[in-house]
**Student:** 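Could you have a look at this structure, given as C-alpha cells, before my questions?
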Amino acid sequence: MKRWARVTLKILGGLLLGVVTLAAAWAAFNNRLVDDAARPVPEALRVPASTLPAKDNAMFGLLGLEAAGEDPHTEGLPAWARIEAGRFDEIPPLPRSWPSSSGDKSARAWQCDAQTQDCVAVWTREEDGLRWIQTEANFGREAVREMACSDLGADPARIAPDDPLHCVPQIWAMPHATQHLLDEQWLRARTLADGGILALLAWDPDLMAARPWGLPVWRNSIGHMLVAVGSPGFTLYVRKQASLLLLNEAARLALAAGDVEPSKRAAWLTQQPMDARLRERLAIDGDHVVARVWEPVSSQDTLRYRIPHGATSAATVTGSHPDPSPSKS
C-alpha cells in the first residue's frame, strides 16, 4: 500500500476514534442511570387543592351534560370517578353532541383586543384563570413525566407529583434533572413575582443566552435544550400582565387630566406618583394619554386614551386593581 494511503487511513481512523470516544463520553453523562434523585415539588410551585364541595362543583355538571340522565351533576360524579380510576373502557358512548368550542375563557382572555374590547374588565373577570406560574410549572412537570416514559400503559394521572416515576424510563431521558432545571426557572420567577408583576419584567429565562456560541451544557444536554426552547415564551405572560397595569394607569390619567390645563399636562404627568417602569411608557400628546405596551395587545403597539373635557375624577377605573401584587393582578 502506498504511503499516502496509509497516512489517509490513519487520519480517518483517528477521526473516527475521536468521534466514538466523544459520543461515549457524552452518553456517560446523559443517561437515566446518572439522573438526579427525585425531589418533592417546591411549595411555591404547588397547584392549590380544590376546596369547593363536590355538590357545588360545576365541572361534574359539565361532565354529565352529555349523559342520558336527567340530572347532569348526578351523572357527572361517577363519570369523573371512572376517569380518575383510568377505567376509560367503561365510559359509555355519548348520546348528545355539542358544537365545538373556540377555547376556554382564560385562553381567549389572553387574546383580548384593546381596540374593540374592555380588556381591563375581561382580564379582571378571568384573573384566576390567568393565576399562571403554578399552572405552567405543573403542566411542564406532567410533560416531562410523559416524555420520559416508554411504557404506554402507565397512567400519569395516578401518580402524585412528588412520586418518583413508576413507568419504564427511556435510557436517554433524565427527567429528574430536567425537572429540577424547570423548577429553578419557575422559583426565580416566583421570587420576583413577590415584588409584583412589574418586577417580573426582569425575569430572563433564556438559558442559551448565557452559553458560549449557544452551545448546550455537557450533562443532560437534551433536557437542557427542551427547557431552553420553551422557557422564553413564558415572558409573554409577564408582558401581557404588565401591559394591563399600564393601560389601567393610562385610563386613570386620562380621566384625571381633564382637570388640567392643556399646556400644563406634560409637566403634570411627570409629577404623578407611579412606578418608573410605567412612567417611561406614558406620555401626553395633545388631547390624549399615549401608552406604549410591552407586548402588542391589539393591532397597534401604542394605544391612545382621549382626555375628556371638563372636570373628571382621578379615582381608580372601575374594575381595576391598583395593587400590583401577584394576588391582585
**Student:** Is it the case that the side chain of D35 and the backbone of H176 share a donor-acceptor pair, with hydrogens and angles ignored and the cut-off at 3.5 Å?
**Tutor:** yes
**Student:** Hey, are R279 and D275 close enough for a salt bridge, meaning a charged N less than 4.0 Å from a carboxylate O?
**Tutor:** no
**Student:** Under a 4.5 Å cut-off applied to non-hydrogen side-chain atoms, are D301 and R292 in contact?
**Tutor:** no
**Student:** Nearest 0.5 Å, please: how far is CG in L200 from CG in L192?
**Tutor:** 5.5 Å
**Student:** Nearest 0.5 Å please: distance from the OG atom of S243 over to the CG atom of L278.
**Tutor:** 10.0 Å
**Student:** In Å and rounded to the nearest 0.5 Å, what is the CG to CG distance from N30 to N220?
**Tutor:** 6.5 Å
**Student:** Would a 4.5 Å heavy-atom cut-off, applied to side chains only, mark L187 and L45 as touching?
**Tutor:** yes
**Student:** Can you name the closest pair of heavy atoms from D194 and R190 and give their distance?
**Tutor:** OD1-NH1, 2.9 Å
**Student:** Angle between ring planes, W186 versus W203, binned at 30° and 60°: parallel, tilted or perpendicular?
**Tutor:** tilted
**Student:** What I'd like to find out is whether the side chain of T8 reaches to under 4.5 Å of the side chain of L12, using heavy atoms alone.
**Tutor:** yes
**Student:** Calculate, to the nearest 0.5 Å, the distance between atoms CD1 and CD belonging to I197 and Q241 respectively.
**Tutor:** 4.0 Å
**Student:** Could you identify which residues cluster with W4, counting Ile, Leu, Val, Met, Phe, Trp and Tyr as linked when any side-chain heavy atoms lie under 4.5 Å apart, either directly or through a chain of such contacts?
**Tutor:** none
**Student:** Could you tell me which residues satisfy side-chain hydrogen bond (donor to acceptor under 3.5 Å, both in side chains) with W268, sequence neighbours excluded, listed by chain and number?
**Tutor:** none
**Student:** Does H73 use its side chain to pair, donor to acceptor, with the backbone of A54 at less than 3.5 Å?
**Tutor:** yes
**Student:** If you round to the nearest 0.5 Å, how far is CH2 of W80 from CZ of F60?
**Tutor:** 7.0 Å
**Student:** Without hydrogens or angle criteria, can the side chains of T235 and R239 be said to hold a donor-acceptor pair below 3.5 Å?
**Tutor:** yes
**Student:** If two hydrophobic side chains count as joined below 4.5 Å and joins carry through other members, does L22 share a cluster with I222?
**Tutor:** yes
**Student:** Could you state the interatomic distance from CG (L198) to CG (L246), rounded to the nearest 0.5 Å?
**Tutor:** 9.0 Å
**Student:** Can you list the steps and then say if R219 with M174 is a side chain to side chain contact (heavy atoms under 4.5 Å, CB included)?
**Tutor:** CA-CA 10 Å; R219 182 175 183 269; M174 299 178 67; 3.6 Å; yes
**Student:** Below 4.5 Å, heavy atoms only, C-beta onward: do L181 and H224 meet side chain to side chain?
**Tutor:** yes
**Student:** Do M274 and L282 come close enough that some side-chain heavy atom pair is under 4.5 Å?
**Tutor:** yes
**Student:** Should W294 and R281 count as side-chain neighbours, where that means a heavy-atom distance under 4.5 Å?
**Tutor:** yes
**Student:** Does this structure show an ion pair linking D287 with R265, if we count only N-O contacts that are shorter than 4.0 Å?
**Tutor:** yes
**Student:** Would you find a donor on one side and an acceptor on the other, under 3.5 Å apart, between the side chain of N248 and the backbone of L244?
**Tutor:** no
**Student:** Do V289 and R304 make a side-chain contact, defined as non-hydrogen atoms from C-beta onward lying under 4.5 Å apart?
**Tutor:** no
**Student:** Report yes or no: do L226 and W218 belong to one cluster of Ile/Leu/Val/Met/Phe/Trp/Tyr joined by side chain heavy-atom distances under 4.5 Å?
**Tutor:** yes
**Student:** Determine the minimum heavy-atom distance between A291 and A250, stating which atoms define it.
**Tutor:** CB-CB, 4.0 Å
**Student:** Is there side-chain contact between V290 and Y305, with heavy atoms separated by less than 4.5 Å?
**Tutor:** no
**Student:** Donor-acceptor pair, Q185 side chain versus P205 backbone, under 3.5 Å?
**Tutor:** yes
**Student:** May I ask whether F29 and W26 are part of the same hydrophobic cluster, defined by side-chain heavy atoms of I, L, V, M, F, W, Y residues being less than 4.5 angstrom apart, directly or through others?
**Tutor:** yes
**Student:** Please, which pairs that meet salt bridge (Lys or Arg N to Asp or Glu O under 4.0 Å) have at least one residue in residues 173-183, sequence neighbours excluded?
**Tutor:** R141-D183
**Student:** Should we say atom CZ of R306 is surrounded by more than 12 heavy atoms from elsewhere, each under 6.0 Å from it?
**Tutor:** no
**Student:** Quick check: closest heavy atoms across L269 and A283, and the distance to 0.1 Å?
**Tutor:** CD2-CA, 3.7 Å
**Student:** For N31 and A27, indicate whether the former's side chain and the latter's backbone hold a donor-acceptor pair under 3.5 Å.
**Tutor:** yes
